[in-house]
Amino acid sequence: MTIHPEFQPELDTAVRLAQEAGALLMSHLARGVTVEHKTSAEDTVTAADREASALIVAGLKAAFPGDGLLSEEETDSPENRAERLGRARVWIIDPIDGTNDFIKGSADFSVSIGLAVGGEPMLGVVFAPASGEFFAGVVGAGVTKNGEASSSSRITPPFVVAISGTEYKRELHLHDLPGMKPSGSIALKLARIAAGEADATFTMSPRSEWDIAAGHALLRASGGDLLRRDGLPIRYNQERPHIEQGIVGGQPEALTWLTAELAARALPTAHLGLNESALAWATLSETDQTALAGHPGVSVRHAGGQTLALLVVDPVTRTVERAEGDAFHLSRLTRDVVRALGPLNEPQAG
């Protein structure tokens, strides 16, 4: 791969650290994995996550002391947040994207290391150590898989749509969207699309910056893109590093096709932390728009211009103030909010 000299040291370092982290993860698998839970039974973490994160963060700090750092498994303290927000270049890391697959012994997990410059994903390395798939790329220089140059795939249907295995099991199997191929790690999905092994992807639930930064960089390096489900761009190194809604991405032709298919089928997405400037605000009734204007804890699940579920939470106390809508969609929305905020508290009686 021909890289602009500005990014060759960064790519070399990210490749080395991903390889070292991958070896560490495989050694943990060989010894057995101890599982802990964060916000719920589905939100897992292991010692391997933490050790791989520490390895990558230490390596990046040593190599690029002037850069900011954001890792899923490192505390984004007020001090760290202030520091990274003040940096033009920020490394965004997920030491294990697909922890549940890692725990289950599936090969569908990856190490994800991305570099954002001025809020734009510019460099990505995604390594799936159990399958040996290694993707690397820099915007403007293309993508490699296992050292070989890759190119994007189809420009006309049928397209392969890489989707969440969890979302497929829960509800997407009920829909007739063509080309769906369920799998685990979102970083690995994006890398495979960049390498021409699939064409597009989308999620119903929100994702965090560390889930997608490296894969987004790879997708951009291959000529594709990743967007929020409302079609607006994704910016990185935000104060709150979570994309508050689902995402949609792929190669240009597939992305255009998929966006139209999702709209035609009215496939839902969540929008957390909804405010008056968001396109999804219009899905609320006029009464709710008036009542909830300025509230910092409004979340909805919506489709086809309609609110399917509404959850209003005090973001400080995490107390539920309102919970309304279809029971299934409300359960999905509640799960998304819990993953973002932590366990919720029911209002006190009387």
- Straight-line distance of Ser299 OG to Leu333 CG, nearest 0.5 Å: 6.0 Å
- Query: With side chains defined as the heavy atoms from C-beta onward, is the minimum distance between Leu177 and Leu258 less than 4.5 Å?
  - Reply: yes
- Query: Is there a donor-acceptor pair under 3.5 Å between the side chain of Arg81 and the backbone N or O of Asp76?
  - Reply: yes
- Nearest heavy-atom contact between Asn146 and Gly132 is OD1-O, 3.1 Å
- Taking all atoms of both residues into account, what is the closest heavy-atom pair of Ile193 and Gly250, and its distance? CG2-CA, 4.1 Å
- Message: Quick one, Trp257 with Phe159, criterion side chain to side chain contact (heavy atoms under 4.5 Å, CB included). Give me CA distance, side-chain angles, the key distance, then yes/no.
- Response: CA-CA 9 Å; Trp257 170 85; Phe159 292 118; 3.6 Å; yes
- Message: Regarding Thr203 and Glu167, do their side chains bring together a donor and an acceptor under 3.5 Å, going by distance alone?
- Response: no
- Any side-chain heavy-atom pair from Phe202 and Leu172 closer than 4.5 angstrom? yes
- Identify whether Phe134 and Leu123 are in the same connected component of the hydrophobic contact network (ILVMFWY, side-chain heavy atoms under 4.5 Å). yes
- ILVMFWY cluster, Leu279 and Val300 together (side-chain gap under 4.5 Å): no
- Task: Answer yes or no: is there a side-chain heavy-atom contact under 4.5 Å between Val138 and Met122?
- Result: no
- Message: For the backbone of Pro9 and the side chain of Thr13, can you confirm whether one donor and one acceptor N or O come within less than 3.5 Å of each other?
- Response: yes
- Message: Regarding Ser185 and Asp108, do their side chains bring together a donor and an acceptor under 3.5 Å, going by distance alone?
- Response: no
- Task: Take Tyr236 and His216 through the test ring pair (Phe, Tyr, Trp, His ring centres under 6.0 Å) and record every step on the way to the result.
- Result: CA-CA 11 Å; Tyr236 292 86; His216 190 177; 5.6 Å; yes
- Task: Carefully, step by step, assess Asn80 and Thr75 under the rule side chain to side chain contact (heavy atoms under 4.5 Å, CB included).
- Result: CA-CA 8 Å; Asn80 182 73; Thr75 302; over 6 Å; no
- Message: Please say yes or no: joined through hydrophobic side-chain contacts below 4.5 Å, possibly via intermediate residues, are Phe7 and Leu60 part of one cluster?
- Response: yes
- Any side-chain heavy atom of Leu219 sitting closer than 4.5 Å to one from Gln251? yes
- When the ring planes of Phe102 and Phe109 are compared, do they come out parallel, tilted or perpendicular, using 30° and 60° as the limits? perpendicular
- Euclidean distance, Glu148 CD relative to Thr144 OG1, rounded to 0.5 Å: 8.5 Å
- Message: Can a side-chain donor-acceptor contact be found between Thr99 and Asp49 if the only test is distance below 3.5 angstrom?
- Response: yes
- Rounded to the nearest 0.5 Å, how far does CD of Gln245 lie from NE2 of His302? 6.5 Å
- In plain terms, say whether Arg207 and Asp94 are close enough for a salt bridge, that is, a side-chain N and a carboxylate O under 4.0 Å apart. no
- Would you call the rings of His173 and Tyr168 parallel, tilted or perpendicular, where under 30° means parallel and over 60° means perpendicular? perpendicular
- What's the verdict on salt bridge (charged side-chain N to carboxylate O under 4.0 Å, His left out) for Asp211 and Lys189, showing C-alpha distance, side-chain angles and the deciding distance? CA-CA 11 Å; Asp211 299 319; Lys189 290 182 185 69; over 6 Å; no
- Task: Dump the intermediate steps for ring pair (Phe, Tyr, Trp, His ring centres under 6.0 Å) on Trp210 and His242, then the final yes or no.
- Result: CA-CA 9 Å; Trp210 44 76; His242 306 286; 5.4 Å; yes
- Query: Does His271 offer a backbone N or O that forms a donor-acceptor pair with the side chain of Glu244 under 3.5 Å?
  - Reply: no
- Item | Shared hydrophobic cluster, Leu344 / Val298 (ILVMFWY, side-chain heavy atoms < 4.5 Å) | no
Could you pull out every donor-acceptor pair under 3.5 Å between side chains of residues 308-318 and any protein atom, sequence neighbours left out?
from: Asp314; atom 1: OD1; to: Val316; atom 2: N; distance (Å): 2.8
from: Asp314; atom 1: OD1; to: Thr317; atom 2: N; distance (Å): 3.2
from: Thr317; atom 1: OG1; to: Thr319; atom 2: N; distance (Å): 3.3
from: Thr317; atom 1: OG1; to: Thr319; atom 2: OG1; distance (Å): 2.9
from: Arg318; atom 1: NE; to: Pro343; atom 2: O; distance (Å): 2.7

- Does one hydrophobic cluster hold both Leu70 and Ile186, with members joined at side-chain heavy-atom distances below 4.5 Å? yes
- Query: Is Lys145 salt-bridged to Glu133, going by a charged N under 4.0 Å from an acidic O?
  - Reply: yes
- Task: Give the minimum heavy-atom separation between Ala54 and Glu74, together with the two atoms involved.
- Result: N-OE2, 3.7 Å
- Compute whether any side-chain donor of one residue and acceptor of the other, for Arg265 and His175, lie under 3.5 angstrom apart. no
- Is there side-chain contact between Glu324 and Leu330, with at least one heavy-atom pair below 4.5 Å? no
- Got Arg335 and Ser205 here, is their nearest side-chain heavy-atom distance under 4.5 Å? yes
- Query: Does some side-chain heavy atom of Asp67 sit less than 4.5 Å from a side-chain heavy atom of Pro65?
  - Reply: no
- Nearest heavy-atom contact between Val90 and Arg84 is CG2-O, 3.6 Å
- Message: Nearest 0.5 Å, please: how far is OG1 in Thr166 from CG in Asp101?
- Response: 7.5 Å
- Item | Cationic tip of Arg89 above Phe64 ring, under 6.0 Å, 45° of axis | yes
- Message: Determine whether Met204 and Arg332 satisfy the following criterion, side chain to side chain contact (heavy atoms under 4.5 Å, CB included), listing intermediate values before the conclusion.
- Response: CA-CA 9 Å; Met204 302 168 112; Arg332 306 316 321 135; over 6 Å; no
- Working to the nearest 0.5 Å, report the span between CG of Asp97 and CD1 of Ile212. 10.0 Å
- Query: When rounded to the nearest 0.5 angstrom, what distance separates CD in Gln306 from OG in Ser285?
  - Reply: 10.5 Å
- Task: Any chance you could lay out the side chain to side chain contact (heavy atoms under 4.5 Å, CB included) test for Leu262 and Val248, step after step, and finish with the verdict?
- Result: CA-CA 10 Å; Leu262 297 180; Val248 59; 4.1 Å; yes
- Query: Pro129 and Met26: which non-hydrogen atoms are nearest, and at how many Å?
  - Reply: CB-CG, 3.8 Å
- Query: Under 4.5 Å between any side-chain heavy atoms of Leu190 and Phe135, yes or no?
  - Reply: no
- Task: Compare every heavy atom of Pro95 with every heavy atom of Val111, then report the nearest pair and how far apart it is.
- Result: CG2-O, 3.6 Å
